[in-house]
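Only one structure is covered here, and it is reproduced in the block below.
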Amino acid sequence: MKVLVLGGGGREHALAWRLAQDSSVSEVLTAPGNPGTAAVGRNLPVDLSSPEAILELASREHVDLTVVGPEAPLERGVADTFRAAGRPIVGPSSRGAALECSKAHAKAFMARHKIPTARFAVCDDLASALAAVSGFDFGFPVVVKADGLAAGKGVTIAADRAEAEAAVRAAMVDQQFGSAGARLVIEECLTGPEVSAFFLCDGESAFPLGTAQDHKRIFDGDRGPNTGGMGAFAPSPLASAQLMADVAERIVGPVLKGHQADGDPYYGFLYVSLMLTQDGPKVIEFNVRFGDPEAQAVMPLLGDGFAKLLMDSAAGGLKTWLQATNRDVTVGVVLASRGYPTSSESGRVIEGLDRAAAVPDVTVFHSGTRQDDRGRIVTAGGRVLTVVGRGPSFEKAMSAAYRGVEQISFDGMQYRRDIGQKALQEIS
Ligand code: AMP
Ligand code: GLY
């Protein structure tokens, strides 16, 4: 089968790389892709904001299956457009994408379907938001979230009333997140380790693809501002069979049933971001796509049959099972540009990519890279590469990943030195 992957980051490189190895895949196209995806298939230009343009590309190229990387094309209705045209696609409808794209919608959905999550209030005006952060309902710290997509920066954990009020005013008065912050979700602050679980859905049932733990803060020891993710390991040692059964029953099942009841069955990836609290797992948020960098950590662990599984999810009636994988684990370290996450530089020449790829048990995925007019691979964004190490233990996977990292250099390169450390602590 011929597969089209939409997007151009590390997640898409990992998806394309995994699909290219599948026995049922003849060719992988990525649109727009990056220099990493160009090495495993063919890159094609596309306007990701236009569902019609994407459909036209898939028809012209006789694509059998389209896999959507980022959420934005889903929010714009690319899956609706494909389904109306009878073309298989992995991803939910535009309405289904609201589970990620509107936090207020997601919280209301969870409340309606009794899915465990933090207590919350949805506020549409300044007065109600200021009242919600007074401490009366949720105490402190309190969490202030922009309703819409804010590039991972829309969440403030406010230690006291003054901080919470400042976050409310920044969003609602100063419009720091534009229209995404016109509505706020205020919620109680949960505590516990965070685990991400990934499922593939076909409208009725879900297949567990794996688990991972992200590292959102920029600096070692989880310090500094939040980023899109500075590294991940997989699977999470905290994701016991018992926990996964609990998540399937209390969270994923109700998501599927709720969408069916609403007349809009849920298809595609479901990324459940969990906090393991003393009262059991609670949902921090849902995403309607795979995570980045979690995909880079999870893809190397999937066995053959992934493409068929994706096709089943698009067609309904998940029946394929992945061929058993071995028990390896992975650690993926993100290499970022100077200034990230506040700003980022571009155009710095990246050295050592081939040397890193030659290190045993190491795979290098491209995120923000491009080929310059002299044929060199240069940086092109905040998160540049994810170097993934694999092995039978987290010690081995970590040392492989960092041996790979040591081979690579570019001006201003920054990365965390402690990715995977948490897995070692969780096991001991
Ligand atoms: P989100 O964009 O919703 O994933 O939130 C970003 C990060 O904020 C999460 O990864 C959590 O670390 C933190 N967070 C979000 N909601 C809560 C909450 N209710 N309690 C504690 N931490 C939270
Ligand atoms: N790594 C977090 C995300 O993909 O949303």
Side-chain angles (χ1 to χ4, degrees), residues 7 9-12 14-15 68-72 74 99-107 110 116-121 132-133 137-159 164 167 171 177 180-181 184-198 211-218 222-234 236 269-279 281-299 332-334 336 341 365 367 382-383 386 416 419 422:
R11 165 183 51 214
E12 289 76 20
L15 286 165
V68 189
E71 65 282 2
L74 293 167
L99 208 52
E100 167 166 359
C101 302
S102 163
K103 290 190 193 284
H105 167 84
K107 295 297 284 197
M110 287 189 263
T117 188
R119 286 187 302 113
F120 69 101
V133 299
D137 294 320
F138 305 113
F140 296 105
V142 65
V143 184
V144 179
K145 297 184 174 185
D147 172 53
L149 297 174
K153 294 176 186 136
V155 176
T156 305
I157 299 182
F177 310 114
L184 297 179
V185 175
I186 311 291
E187 57 183 50
E188 73 176 311
C189 187
L190 303 174
T191 51
E194 286 184 60
V195 173
S196 305
F198 304 95
T211 61
Q213 281 177 244
D214 193 6
H215 297 65
K216 288 213 164 80
R217 307 296 192 108
I218 184 83
D222 293 332
R223 288 174 301 109
N226 263 333
T227 68
M230 290 300 290
F233 56 80
S236 166
F269 295 118
L270 179 67
Y271 164 163
V272 186
S273 168
L274 295 163
M275 196 165 267
L276 308 185
T277 74
Q278 295 208 314
D279 303 327
K282 295 195 180 181
V283 176
I284 291 285
E285 66 164 355
F286 288 116
N287 293 305
V288 298
R289 48 166 177 84
F290 225 103
D292 187 333
E294 293 92 329
Q296 294 90 305
V298 172
M299 287 302 135
V333 181
V334 169
F365 294 111
S367 299
R383 291 191 289 173
T386 311
R416 281 181 57 162
I419 307 296
K422 218 179 277 174

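Atoms within each ligand, like the ligands themselves, are counted from 1 in listed order.
By the 4.5 Å heavy-atom criterion applied to side chains, Glu294 and Tyr271 are counted as neighbours. Using a 4.5 Å cut-off on side-chain heavy atoms (C-beta onward), Glu100 and Leu74 make no contact.
In the vicinity of Lys216, heavy-atom distances shorter than 4.0 Å reach the ligand 1 atoms 10 (O). Counting atoms of ligand 1 from 1 in the listed order, those under 4.0 Å from a heavy atom of Glu194 are 9 (C), 10 (O), 11 (C), 12 (O). Each of the atoms 1 (N), 2 (C) of ligand 2 lies under 4.0 Å from some heavy atom of Asp214. In summary, the atoms of ligand 1 found under 4.0 Å from a heavy atom of Ala118, numbered by their order in the structure, are 19 (N). Of all the atoms in ligand 1, the ones that sit under 4.0 Å from a non-hydrogen atom of Glu188 are 18 (C), 19 (N), 20 (N). Ligand 1 places these atoms under 4.0 Å from at least one heavy atom of Glu187: 16 (N), 17 (C), 18 (C), 19 (N).
In this structure, CD in Glu187 is found 13.0 Å from CG in Asp137, a value given to the nearest 0.5 Å. Atom-to-atom distance recorded for Ile419:CD1 and Gln213:CD is 11.0 Å, nearest 0.5 angstrom. Taken to the nearest 0.5 Å, the NZ atom of Lys282 stands 12.0 Å off from the CG atom of Leu276. One finds the CD atom of Glu12 at 11.5 Å from the CZ atom of Phe290 (value rounded to the nearest 0.5 Å). Within the model, atoms CZ of Phe286 and OG1 of Thr117 stand 7.5 Å from one another, a figure rounded to the nearest 0.5 Å. To the nearest 0.5 angstrom, Lys216 atom NZ is 5.5 Å from Glu194 atom CD.
Considering backbone and side-chain atoms together, Glu285 places an N or O closer than 3.5 Å to an N or O of ligand 1. Note: an N/O pair closer than 3.5 Å links Leu190 and ligand 1 by distance alone. Some N or O of Gly228 is nearer than 3.5 Å to an N or O of ligand 2, by distance alone. Below 3.5 Å of separation, one finds an N or O of Lys145 facing an N or O of ligand 1.
Here the side chain of Arg383 pairs no donor or acceptor atom with the backbone of Thr227 at under 3.5 angstrom. Checked by atom type and distance alone, the side chain of Ser273 never pairs as donor or acceptor with a backbone atom of Ile284 at under 3.5 Å. Within the 3.5 Å criterion, the main-chain N or O of Gly229 finds no donor-acceptor partner in the side chain of Asp214.
Among protein heavy atoms, the minimum distance from atom 5 (O) of ligand 2 is reached at Arg289 NH2, 2.9 Å.
When the options Ile186, Asn226, Val142 are ranked by their closest heavy atom to atom 7 (C) of ligand 1, first place goes to Asn226.
The closest approach between a heavy atom of Phe290 and any atom of ligand 2 is not below 4.0 Å. The shortest heavy-atom distance from Gly291 to ligand 2 is under 4.0 Å. At least one heavy atom of Lys103 lies less than 4.0 angstrom from ligand 1. Using 4.0 Å as the threshold, Ser196 has no heavy atom nearer than that to any atom of ligand 2. Ligand 1 is approached by Cys189 to a heavy-atom distance shorter than 4.0 Å.
Only the side chain of Glu294 comes within contact range of ligand 2, with a heavy atom under 4.0 Å; no backbone atom does. Here Ile157 has side-chain heavy atoms under 4.0 Å from ligand 1, and that is the only part of it that gets that close.
Under 4.0 Å is where a charged nitrogen must lie from a carboxylate oxygen, and between Lys145 and Glu285 no such pair does.
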